[in-house]
Undergrad: 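I have a structure I would like to understand better, so I am pasting it below and will then ask my questions one at a time.
Just follow the structure's listing: the first ligand is 1, and inside any ligand the first atom is 1. We're numbering straight along the sequence, starting at 1.
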Amino acid sequence: MLMCYNKGMEEIVMDVRNCRMCGSLYNYIGGPYRGLCPRCVQKMEDKFAKVKEYIEENPGATMTMISEECDVTPEQIQRWVREDRLAFADDSPIGIPCEGCGTMIKSGRFCDKCRANMANGFSQAYAQPEPAKPQRKTDSNAKMRFFE
Ligand SMILES: [Zn+2]
Ligand SMILES: [Zn+2]
């Protein structure tokens with residue numbers, strides 16, 4: 001919902017929305033917790049701190065245990081892992097699938113192998129485009145010489 005306020009001379013357009021968690025109206029600003037009011041963002045940050053502490057103290061905890069102990073949905077926990085804010089211990093039973101190959105990983109979006117592949121792909125993309133150029137240059141040089 002868009003609302004316009006006249007504040008002195010300048011018109012301020014505010015994007016006012018209902019918070020997904022508590023339903024209260026707030027001025028939408030985006031950010032990592034889309035759809036939440038500043039108060040609920042703060043609540044989520046508190047929960048994040050709690051989850052992080054819980055994982056550190058209980059490296060063997062399952063997703064269900066963390067979710068129930070900290071009162072956070074597994075989806076939210078996964079989101080934090082994807083954002084690289086949370087990482088599970090190597091011997092933790094929890095993992096999330098790599099977005100490239102589906103291998104279980106402990107944090108981020110891709111496994112080491114996919115990350116390495118992507119890095120190679122990038123350097124190849126930067127290294128490749130050159131070879132065709134010199135040919136074309138001599139061509140146009142030849143043509144120019146012809147017209148001279
Ligand atoms: Zn809220
Ligand atoms: Zn992978």
Undergrad: How wide is the angle at the Zn ion (ligand 1) between SG in Cys22 and SG in Cys40, to the nearest 10°?
TA: 110°

Undergrad: What is the SG(Cys37)-the Zn ion (ligand 1)-SG(Cys19) angle, to the nearest 10 degrees?
TA: 110°

Undergrad: Considering non-hydrogen atoms only, spot the tightest contact between Ser92 and Ala61 and give its length.
TA: OG-O, 4.3 Å

Undergrad: With side chain to side chain contact (heavy atoms under 4.5 Å, CB included) as the test, would you mind laying out the steps for Glu45 and Tyr33 before giving the verdict?
TA: CA-CA 10 Å; Glu45 284 302 301; Tyr33 299 108; 2.7 Å; yes

Undergrad: Keeping Arg85 on the side-chain end and Trp80 on the backbone end, is there a donor-acceptor pair under 3.5 Å?
TA: no

Undergrad: Is the closest basic N to carboxylate O distance between Lys106 and Asp90 below 4.0 Å?
TA: no

Undergrad: Can you tell me the angle formed at the Zn ion (ligand 2) by SG of Cys101 and SG of Cys98, to 10°?
TA: 110°

